[in-house]
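For reference, the structure discussed in these notes is given below.
Here is how names work: the chains are called A, B, and so on, in the same order as the sequence lines, proteins then strands, and each is numbered from 1.
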There are 2 protein chains.
Amino acid sequence: MARAGLTTERLARAGAELADEAGLDRVTVSALARRFDVKVASLYSHLRNSHDLKTRIALLALEELADRGSAALAGRAGKDALTALANVYRDYAREHPGRYAAAQTRLDPETAAASAGVRHAQMTRAVLRGYDLAEPDQTHAVRLLGSVFHGYVSLEMGGGFSHSTPDTQETWTRTLDALDSLLRNWPAP
Amino acid sequence: MARAGLTTERLARAGAELADEAGLDRVTVSALARRFDVKVASLYSHLRNSHDLKTRIALLALEELADRGSAALAGRAGKDALTALANVYRDYAREHPGRYAAAQTRLDPETAAASAGVRHAQMTRAVLRGYDLAEPDQTHAVRLLGSVFHGYVSLEMGGGFSHSTPDTQETWTRTLDALDSLLRNWPAP
DNA sequence: GCGTCTGCCTAAAAGGTTTAGGCAAATCGG
DNA sequence: CCGATTTGCCTAAACCTTTTAGGCAGACGC
């Protein structure tokens, strides 16, 4: 009997593809076994359980996002950097909706601390180097930017901005203008 | 055999309670049947399927949120209104995490159009009456506020702002200050 | 080539989803 | 007030997903 060559890595990658194609809620251990033409139980040598699979997809997505982010940020500063990073999130969510959804999976603290999530915070902080913000305002701003990026992307993807006018692209551009303006004129406490 | 008195309404309400207590992912038709001490199949006279249950919980949550929002907005304007509405979302998510999670369920367009989601957009627009924004900037601002409210609340709940300093309450306050400032000084295109 | 280890297998239990069809309680018309 | 109809919850059953236990054979180390 030929071996399928399963690894945790390949399972996570295939799970990510399946999430993008069929939606995160259809990513099951069973579906994955079918995709590898292997019996379900075989996957349990590589995965602790079903939630473990989701976690691994989340970690994969966070890492891909962080890689794209640091590539986009290289050589940019100020509004240019802000726009580049923001677009990384939006574009990734559009290209990989299932992976993006997986990236929102709640991770337990140790896993989160070891994840690429840390790099995300660093990247946002890097964007803020182009603006003049001291602590604790810098941390407030990091959190605000994270909120806007995530909030906008998830509402847009969820159809929350459904009515057609104005264009959501237009809103996105204006939102980034607004954030840039806000960061340049951050209000004193 | 005595009847349990099930209705779609009661099922949605019990589902919402269960979501808050155990988490949205543990809200199943089976669990709900157990709670009513009734056989599983009986629920299928009141619910089309499992997804239908989630949808009804989502609609319930959206309505409760809208009710709280309009109560909070009554008699307030400007930053006062902004803060009040923002706190409605944050407080609701803290009090009812399962319901809040359910409210993020993607609804099909007809359901969404008939839902309280419409009132949410109107409430945000009402807040903006306290600021001087003409269309299309007003719509851009509606979307921005929605993004920040939703993004902040979901990141905070998901533990995204985990490190302890500064306090997330402090960030929240400063975020609202920043939004107020931004709306008063909305950048020209 | 032999032994060990590992990877995928079969088997099986347990629980969730959903449909079909039945009986009895509630409700309504006379 | 009683018979007919409707409605609500039931049993039964099929199907799917998750997860554990234990087995056999292919890959690898010597």
Side-chain angles (χ1 to χ4, degrees), chain A residues 1-60 98-99 101-102 104-108 111, chain B residues 1-60 98-99 101-102 104-108 111:
Chain A
M1 217 159 248
R3 296 199 177 182
L6 302 181
T7 65
T8 308
E9 181 66 21
R10 287 188 65 197
L11 289 173
R13 204 161 295 281
E17 285 163 21
L18 182 55
D20 287 337
E21 290 164 19
L24 186 61
D25 51 330
R26 291 205 200 142
V27 175
T28 64
V29 181
S30 292
L32 218 51
R34 249 173 266 133
R35 183 169 274 233
F36 280 98
D37 200 27
V38 138
K39 298 295 168 182
V40 194
S42 306
L43 301 204
Y44 283 85
S45 323
H46 304 277
L47 303 170
R48 254 198 306 286
N49 50 42
S50 170
H51 186 255
D52 185 32
L53 172 60
K54 300 265 172 75
T55 300
R56 290 178 191 278
I57 298 174
L59 293 174
L60 177 71
R99 282 160 151 99
Q104 312 312 319
T105 302
R106 189 168 188 166
L107 304 174
D108 57 291
T111 309
Chain B
M1 218 160 248
R3 296 199 179 182
L6 303 181
T7 64
T8 307
E9 180 66 21
R10 288 188 64 196
L11 288 173
R13 204 162 294 282
E17 284 163 22
L18 182 55
D20 287 338
E21 290 164 18
L24 186 61
D25 49 332
R26 292 207 200 140
V27 176
T28 63
V29 181
S30 292
L32 218 50
R34 249 173 266 133
R35 184 168 272 230
F36 280 98
D37 201 27
V38 138
K39 297 296 169 182
V40 194
S42 306
L43 302 203
Y44 284 84
S45 323
H46 304 277
L47 303 170
R48 254 196 307 286
N49 50 42
S50 171
H51 186 256
D52 185 32
L53 171 61
K54 299 265 172 76
T55 300
R56 289 178 192 279
I57 298 173
L59 293 174
L60 176 71
R99 281 157 149 101
Q104 312 312 319
T105 302
R106 188 166 189 167
L107 304 174
D108 57 291
T111 311

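Considering only the side chain of A/S45, C/dC8 comes nearest among C/dC8, C/dT18, C/dG15. In this structure, the nucleotide among D/dC9, D/dT18, C/dT17 sitting nearest to the side chain of B/L6 is D/dC9. Each of C/dA11, D/dT17, D/dC9 was ranked by its minimum atom distance to the side chain of A/R34; first place goes to D/dT17.
Rounding to the nearest 0.5 Å gives a distance of 9.0 Å between OG1 of B/T111 and CG of B/D52. How far CG of B/L11 is from NE2 of B/H46: 6.5 Å, rounded to the nearest 0.5 Å. Atom-to-atom distance recorded for A/K54:NZ and A/L47:CG is 11.5 Å, nearest 0.5 angstrom. With rounding to the nearest 0.5 angstrom, the CG atom of B/L32 is 11.5 Å from the OG atom of B/S42.
In this structure, the CG atom of B/L53 is 10 Å from the P atom of C/dT18, given to the nearest Å. Atom CG of A/L32 is separated from atom P of D/dC16 by 18 Å (rounded to the nearest Å). Put simply, CG on A/D25 is 15 Å from C1' on C/dT17, counting in whole angstrom units. Here the C1' atom of nucleotide D/dG23 and the OH atom of A/Y44 are 20 Å apart, to the nearest Å. B/K39 has its NZ atom 16 Å from the C1' atom of C/dG22, to the nearest Å. A/L11 has its CG atom 12 Å from the C1' atom of C/dG7, to the nearest Å. In this structure, CZ of A/F36 is placed 10 Å from P of C/dC8, rounded to the nearest angstrom. Summarising the geometry, the separation between CG on A/L47 and P on C/dC8 is reported as 12 Å, rounded to the nearest angstrom.
Axis deviation across the helix from C/dG1-D/dC30 to C/dG30-D/dC1 amounts to 20°, comparing end segments of five pairs, rounded to 10 degrees.
In terms of the salt bridge (Lys or Arg N to Asp or Glu O under 4.0 Å) criterion, B/R34 has no residue partners (sequence neighbours excluded). The side chain to side chain contact (heavy atoms under 4.5 Å, CB included) check on A/A16 picks up A/I57, A/L60, A/R99, with sequence neighbours excluded.
Using a 4.0 Å heavy-atom criterion, one finds that A/T28 contacts the sugar-phosphate atoms exclusively. Residue-level contact check: A/L43 touches neither bases nor backbone, having no heavy atom under 4.0 Å from any strand. Within 4.0 Å (heavy atoms only), A/R26 reaches no atom of the nucleic acid at all. The residue B/A31 sits apart from the nucleic acid: no heavy atom pair falls under 4.0 Å.
Between B/S50 and C/dT17, a side-chain N or O to OP1/OP2 separation shorter than 4.0 Å is present. OP1 or OP2 of D/dT18 has at least one side-chain nitrogen or oxygen of A/S30 nearer than 4.0 Å. Residue B/S42 places no side-chain N or O under 4.0 Å from the OP1 or OP2 atom of D/dG8. Contact check, A/R48 against D/dT19: no side-chain N or O comes under 4.0 Å of OP1 or OP2. Between B/H46 and D/dC9 there is a side-chain N or O to OP1 or OP2 distance below 4.0 Å.
Taking a 6.0 Å sphere around CG of A/D108, one finds it holds more than 12 heavy atoms contributed by other residues, nucleotides or ligands.
A salt bridge links B/E9 with B/R13; the closest basic N to acidic carboxylate O contact falls under 4.0 Å.
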